[in-house]
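This report concerns only the one structure given below.
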Amino acid sequence: MATLSLDAVRKSYGNVPVIHGVSIDIADGEFVTLVGPSGCGKSTLLRMIAGLETISKGEISIGDRVVNDLAPRDRDIAMVFQSYALYPHKNVAENMGYALKLAGRPKAEIERRVREAAEILDLVPLLQRKPAHLSGGQRQRVAMGRAIVRDPKVFLFDEPLSNLDAKLRVAMRGEIKELHQRLKTTTVYVTHDQVEAMTMADRIVVMNQGVVEQAGRPLELYDRPRNLFVAGFLGSPAMNLVTGTVEGTAQSASLVTADGEKLPLPGLRPGIAAGRRLILGIRPEHITLVDAGGESTFSARVVITEPTGAETLISTRLGATEIVVVVRDRIEQGAGERLHLAFPANRVHLFDPETGLRIE
Ligand SMILES: Nc1ncnc2c1ncn2[C@@H]1O[C@H](COP(=O)(O)OP(=O)(O)O)[C@@H](O)[C@H]1O
Ligand SMILES: [Mg+2]
């Protein structure tokens with residue numbers, strides 16, 4: 001096991017920069033997810049840690065050792081990819097032990113380590129099978145087994161569950177988390193799926209266009225996104241974001257949108273005076289249905305309702321602005337009807353429309 005540290009790491013392909021100075025310190029035994037939209041540089045960064053891409057600038061260290069110029073096989077890492085590329089003519093045991101065989105380990109040791117990994121991953125009954133006779137989830141477990149047998153200092157995962165169907169993905173997500181709790185190997189896990197990133201990680205790093213937007217514990221980022229990008233990226237359905245201008249006094253302020261609709265702006269903070277332009281963020285689950293006429297309420301028209309059983313998603317419109325509400329109740333109102341809504345002051349996020357930064 002080891003710490004992993006990235007210090008002002010940059011990458012350009014030719015003269016096109018794609019990673020613009022990324023610094024991340026990962027503690028020994030920590031599980032960190034790198035999440036961001038497709039093309040933001042997650043795989044590039046992971047491949048630089050693995051030694052599969054050169055580092056244009058900056059330093060990557062594993063433990064106390066700078067690894068910039070070390071070959072991949074000397075970095076003591078193991079990587080699991082989305083396409084697990086098992087050898088079709090080798091059985092599960094041979095696939096899992098192949099790296100050890102290449103490294104010239106004795107046969108008895110290979111057998112023991114493959115067996116141990118197979119026990120951890122519930123693969124013992126399948127050791128003699130060929131990949132063609134395994135399910136998608138079992139193949140992905142073999143790919144993980146191949147990484148585990150090497151007992152690396154660091155595990156790197158690049159979207160390992162993207163090829164699996166939704167139900168299996170949820171199951172494997174739990175398995176990988178459990179595996180980490182058991183092995184406690186330092187792990188970097190890349191995904192574009194924010195739910196996967198949130199649920200698995202000790203710490204989550206949100207990337208966008210080659211930079212880190214924010215890093216921290218999952219719920220820290222969820223509750224206090226430092227900018228509009230993180231606010232909009234984490235959470236499903238996404239945070240409602242309403243642009244408008246402040247009107248009124250500290251006692252009864254509202255945010256007025258371009259088309260004249262009003263949202264209550266409860267608990268107005270000092271320094272936010274009438275006339276200031278703001279973006280107000282409120283998560284769908286923090287809006288509640290209320291009776292008409294209460295304090296700090298507003299009303300919006302139902303566009304569609306989507307019952308999922310456990311909860312109901314309601315898309316509403318306040319003028320031109322869409323506001324999504326998630327409630328635990330089953331609601332009766334149909335399209336076009338008016339809903340009375342409210343949200344508590346301490347759930348409101350405010351952002352500066354110019355800089356996109358959170359206003360404290
Ligand atoms: N070998 C390459 N040559 C040139 N550009 C590349 C290469 N690999 C990746 N890129 C570019 O680098 C950016 C980041 O890609 P990537 O790390 O694969 O993103 P992600 O894994 O987040 O989807 C993209 O704009 C991609 O087009
Ligand atoms: Mg990728």
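Order of listing sets the numbers, starting from 1, for every ligand and every atom in it.
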**OP:** Quick one: look up the protein heavy atom nearest atom 19 (O) of ligand 1 and list residue, atom name and how far away it is.
**Re:** Gly41 N, 3.3 Å

Subject >> Check: Asp193/Thr191 side-chain N/O donor and acceptor closer than 3.5 Å >> reply: no

**OP:** Would you mind running through ligand 1 and noting each atom that sits below 4.0 Å from a heavy atom of Ser38?
**Re:** 23 (O)

**OP:** Answer yes if the side chains of Lys177 and Thr199 hold a donor-acceptor pair under 3.5 Å, and no otherwise.
**Re:** no

Subject >> Stepwise salt bridge (charged side-chain N to carboxylate O under 4.0 Å, His left out) test for Arg301 and Glu337 >> reply: CA-CA 5 Å; Arg301 283 196 189 280; Glu337 289 190 57; over 6 Å; no

Original post:
Who's the nearest protein heavy-atom neighbour of atom 18 (O) of ligand 1, and how far?
Top reply: Ser43 CB, 3.8 Å

**OP:** Show your reasoning for whether side chain to side chain contact (heavy atoms under 4.5 Å, CB included) applies to Phe155 and Val188.
**Re:** CA-CA 6 Å; Phe155 279 130; Val188 185; over 6 Å; no

Subject >> Polar atom proximity, Val18 to ligand 1 (N or O, under 3.5 Å) >> reply: no

Subject >> atom 27 (O) of ligand 1 protein-contacted, heavy-atom criterion under 4.0 angstrom >> reply: no

**OP:** May I ask you to check whether Asp158 and Gln82 show a side-chain donor-acceptor distance below 3.5 Å?
**Re:** no

Subject >> Worked check of salt bridge (charged side-chain N to carboxylate O under 4.0 Å, His left out) between Arg112 and Glu116 >> reply: CA-CA 6 Å; Arg112 178 179 54 78; Glu116 280 170 8; 3.3 Å; yes

Original post:
Is atom 6 (C) of ligand 1 less than 4.0 angstrom from some protein heavy atom?
Top reply: yes

Subject >> atom 23 (O) of ligand 1 [closest protein heavy-atom partner, distance rounded to 0.1 Å] >> reply: Gly39 N, 2.7 Å

Subject >> Test log, rule side chain to side chain contact (heavy atoms under 4.5 Å, CB included), inputs Leu46 and Met79 >> reply: CA-CA 9 Å; Leu46 203 69; Met79 189 149 168; 3.8 Å; yes

Original post:
Between Asn91 and Leu127, is a side chain to side chain contact (heavy atoms under 4.5 Å, CB included) present by the stated rule, with each step listed?
Top reply: CA-CA 7 Å; Asn91 65 26; Leu127 280 173; over 6 Å; no

Original post:
Relative to the Mg ion (ligand 2), how many protein N, O or S atoms have a separation of less than 2.8 Å?
Top reply: 1

Subject >> Which segment of Thr44 sits under 4.0 Å of ligand 1 when only heavy atoms are counted >> reply: both

Original post:
Quick one: does Glu53 get an N or O within less than 3.5 Å of an N or O on ligand 1?
Top reply: no

Original post:
Are the ring centres of Phe31 and His180 closer than 6.0 Å?
Top reply: yes

Original post:
With a 3.5 Å cut-off and no angle check, do the side chains of Asp28 and Thr3 form a donor-acceptor pair?
Top reply: no

Original post:
Does Cys40 have a non-hydrogen atom less than 4.0 Å from ligand 1?
Top reply: yes

**OP:** Just need the protein heavy atom nearest to atom 9 (C) of ligand 1, so name the residue and atom and give the distance.
**Re:** Tyr13 CE1, 3.5 Å

**OP:** Using distance alone, with no hydrogens and no angle criterion, decide if Tyr222 and Gln194 have a side-chain donor and acceptor under 3.5 Å apart.
**Re:** no

